[in-house]
Each structure stands twice: as structure tokens, then as C-alpha cells.
Number of protein chains: 2
Amino acid sequence: MNYSRQREEVMDQLKLHHDHPTADIIFAELRERDPNISLATVYRNLKLLSEHGAIKKLTFVSGADHFDPNTELHYHFVCNECGRVFDVPMKVAEHLDQDAEAFVPGEVTGHELVFYGVCDECARKS
Amino acid sequence: MNYSRQREEVMDQLKLHHDHPTADIIFAELRERDPNISLATVYRNLKLLSEHGAIKKLTFVSGADHFDPNTELHYHFVCNECGRVFDVPMKVAEHLDQDAEAFVPGEVTGHELVFYGVCDECARKS
DNA sequence: ATGAAATTAATAATTATTATTAATTTAATG
DNA sequence: CATTAAATTAATAATAATTATTAATTTCAT
């Protein structure tokens, strides 16, 4: 993988976020600083970076994929109202993979745990 | 919600599955028995049924959504090679929601746990 | 039976993502 | 440095998944 300014920009912009943005959000933000960057370039680099393990693709929200610059195993909370994704810095349940293995027709290499509910901000609105 | 033959067919066909099919799979199968049923009708009814809590939409696989006629809380295993979704009939960790609540800016109402790995069939092939 | 509301098939439109391509950039090598 | 092959880009076309539109049909309470 050669260096590219655009890929570095995508990575840097994603790192500014703690809210796991989608490709189009990263694109819109980068466009302000770099009016020539292409949407396909953002998608391609997010794909490349996640394939190389530099970032994590989050596929648990219906619609667009979200991206997380933190590749450490951790959990997430999704608000059913606004769709925003928050980190859940609770202790990771390491044993789950072994527990599951007994019930599965294959080898378990990891897990993803997502909590659902309503964030405080949305609760206040209704 | 009025009765409709098409909605009943969608529900019945989904119930025949234990592998959490996508909308296009249900559509292809129904088309054989009912050559007039429309793809949009399948999508619309899967949407309606999941909004009414009669089935569960599974959004954790990149690409098309999957559907599960079993609305009881249970976990899943996804093969990273073939993308198939299996049930994981292990005990549900009820306490997780309360555990997470302390770390979350909102109210937790549920969770989804997905295990990843390689199924036996794909392991044999490589 | 009648009629308003719900539903359908067909298809257009939208959204998210990937593929194509000609031009540009990167970086190894002479 | 200059050369050049491979990687990357911007622009845009294409694809995949899903939703919206609409006129016709079906459901179901009166």
C-alpha cells in the first residue's frame, strides 16, 4: 500500500470523531478542506483501511456502514430514535467466545455486542 | 393491519427457514408458487412484520438485511467466509443490559450479540 | 351490496457502495 | 536527478438494496 495524501486525510478525519461516522459524513467534512477529494476515494480508503485492520467497519446499523478508528474490542450503544452510536466502555466479556463455541458449527474468533435503547437527548424530546 | 394473502405467504415462507434469509431469497422462493407476487410486496411486508414485532430484522451483516421468524432474544454466529447466519442456542446473558447502563448516556432496552468465525464447511474447503 | 381504507403489482426513484477509466502520483532503480 | 512501473486519484457509470408512487384490486365494517 503506497502512501496517499487522501488516505491520510480520511484516517485523520475519522480519528477526530468519537461518534463513528459514515462514509458520506467523512466525505462532507473533507470536502471543505480539500474540494477535489472524491466520494469514491473516501469509500475506497475506508474499505482499504478496514481490510488492513487500521480501522473497524461497524455493520450493525441498518443503512450505511459506520467506521470506528478504535480497533480495540469494545461495545456500542445505538439510540433507536436518532441512530447515533456511542461507545460503551464496560469490561469486555472475554469468555463469551469460548461459551458460544460449544453451540456453534464452526470456530468462533470474536464477537460484537451492541446495546439498544434511547439516548438521554432523545428521551428529553419526547 | 388488514389481512393479506401475500403477507401470510411471506410469513409462512420465512417460518420454513432456520437460516435467516434475505428479502430476495424469500421473494425467489415465493415466486415459484405465486408468480405474481412483487419484490416490493415482500420488502414491504417484511418491514411491516418486523415493525409489528412479529419477526426480527437482523442488520449485522454488511449488505442485505436478514430476517428471523424467532423473536425470542437469542444470539447468532456469522461465518466470515460464506456469510451464513446460524443460531447460537446458548443461555442469554440477561445481566448485560444492566451492566451496560452505567456506561451509557441513555436507557438500555436490549442488546444483540453476534459471534464471528469460520463455519466447519468453509474450514474444510481451505 | 356499498364504500372507505388497506393492499397489491409494476415500476420509478433513492440510497449506499463498487467498478471503470484516463490522468496523476508514488517510490524504487538506474 | 530522470525514468518508469505500480498505485492512486477524480469523475462518473454501474450495481445492489430498499423505498416511494400510482392506478387497480382486495378487505371488511356497515
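Just the heavy atoms: all of them, side chains too, but no hydrogens, waters or symmetry mates, feed the values below.
- Atom CG in B:Asn36 sits about 12 Å away from atom P in C:dT11, given to the nearest Å.
- Using a 4.0 Å heavy-atom criterion, one finds that A:Asp24 contacts no nucleic acid atom at all.
- Nearest-nucleotide mapping onto DNA chain D: of B:Ala40 and B:Gly63, the residue sitting toward the 5' end is B:Gly63.
- Summarising the geometry, the separation between CZ on B:Phe27 and P on C:dT8 is reported as 14 Å, rounded to the nearest angstrom.
- Ring geometry for B:Phe86 versus B:Phe77: interplanar angle of 30 to 60°, hence tilted.
- Between A:Arg5 atom CZ and C:dT24 atom P the separation is 14 Å, expressed in whole Å.
- Judged purely by atom type and a 3.5 angstrom limit, A:Thr22 has no side-chain atom pairing as donor or acceptor with the backbone of A:Asp65.
- Side-chain N/O atoms of A:His20 and A:Asp87 include a donor and acceptor closer than 3.5 Å.
- Using a 4.5 Å heavy-atom cutoff, the side chains of A:Phe67 and A:Lys56 are not in contact.
- The side-chain heavy atoms of B:Val10 and B:Leu30, taken from C-beta on, include a pair separated by under 4.5 Å.
- Rounded to an integer number of Å, the gap from OH of A:Tyr43 to P of D:dT15 is 18 Å.
- The interatomic distance linking B:Glu51 (CD) with D:dT18 (C1') rounds to 13 Å, in whole Å.
- Within the nucleic acid shown, B:Ala23 has no heavy atom closer than 4.0 Å to any nucleic acid atom.
- To the nearest 0.5 Å, atoms CD (A:Glu9) and CD (A:Gln13) are separated by 9.0 Å.
- One interatomic measurement links the two molecules: NZ of B:Lys47 to P of C:dT8, which rounds to 14 Å at whole-angstrom precision.
- Here C:dT17 is the nucleotide among D:dT12, C:dT17, D:dT18 with the atom lying nearest to any side-chain atom of A:Ala64.
- Here the P atom of nucleotide C:dT8 and the CG atom of B:Leu39 are 13 Å apart, to the nearest Å.
- The distance between atom CG of A:Asp34 and atom P of D:dA10, rounded to the nearest whole Å, is 7 Å.
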Please write out the pairs of protein N or O atoms and N or O atoms of nucleotides 6-8 of chain D separated by less than 3.5 Å, giving the distance to one decimal.
residue: D:dA7; atom: O4'; partner: A:Asn2; partner atom: ND2; Å: 3.3
residue: D:dA7; atom: O3'; partner: A:Asn2; partner atom: N; Å: 3.4
residue: D:dT8; atom: OP1; partner: A:Asn2; partner atom: N; Å: 2.8
residue: D:dT8; atom: OP1; partner: A:Asn2; partner atom: O; Å: 3.1
residue: D:dT8; atom: OP1; partner: A:Arg7; partner atom: NH2; Å: 2.6
residue: D:dT8; atom: O3'; partner: A:Ser4; partner atom: OG; Å: 3.3

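- B:Arg84 has its side chain out of reach of B:Asp19: every pair of non-hydrogen atoms, C-beta onward, lies at least 4.5 Å apart.
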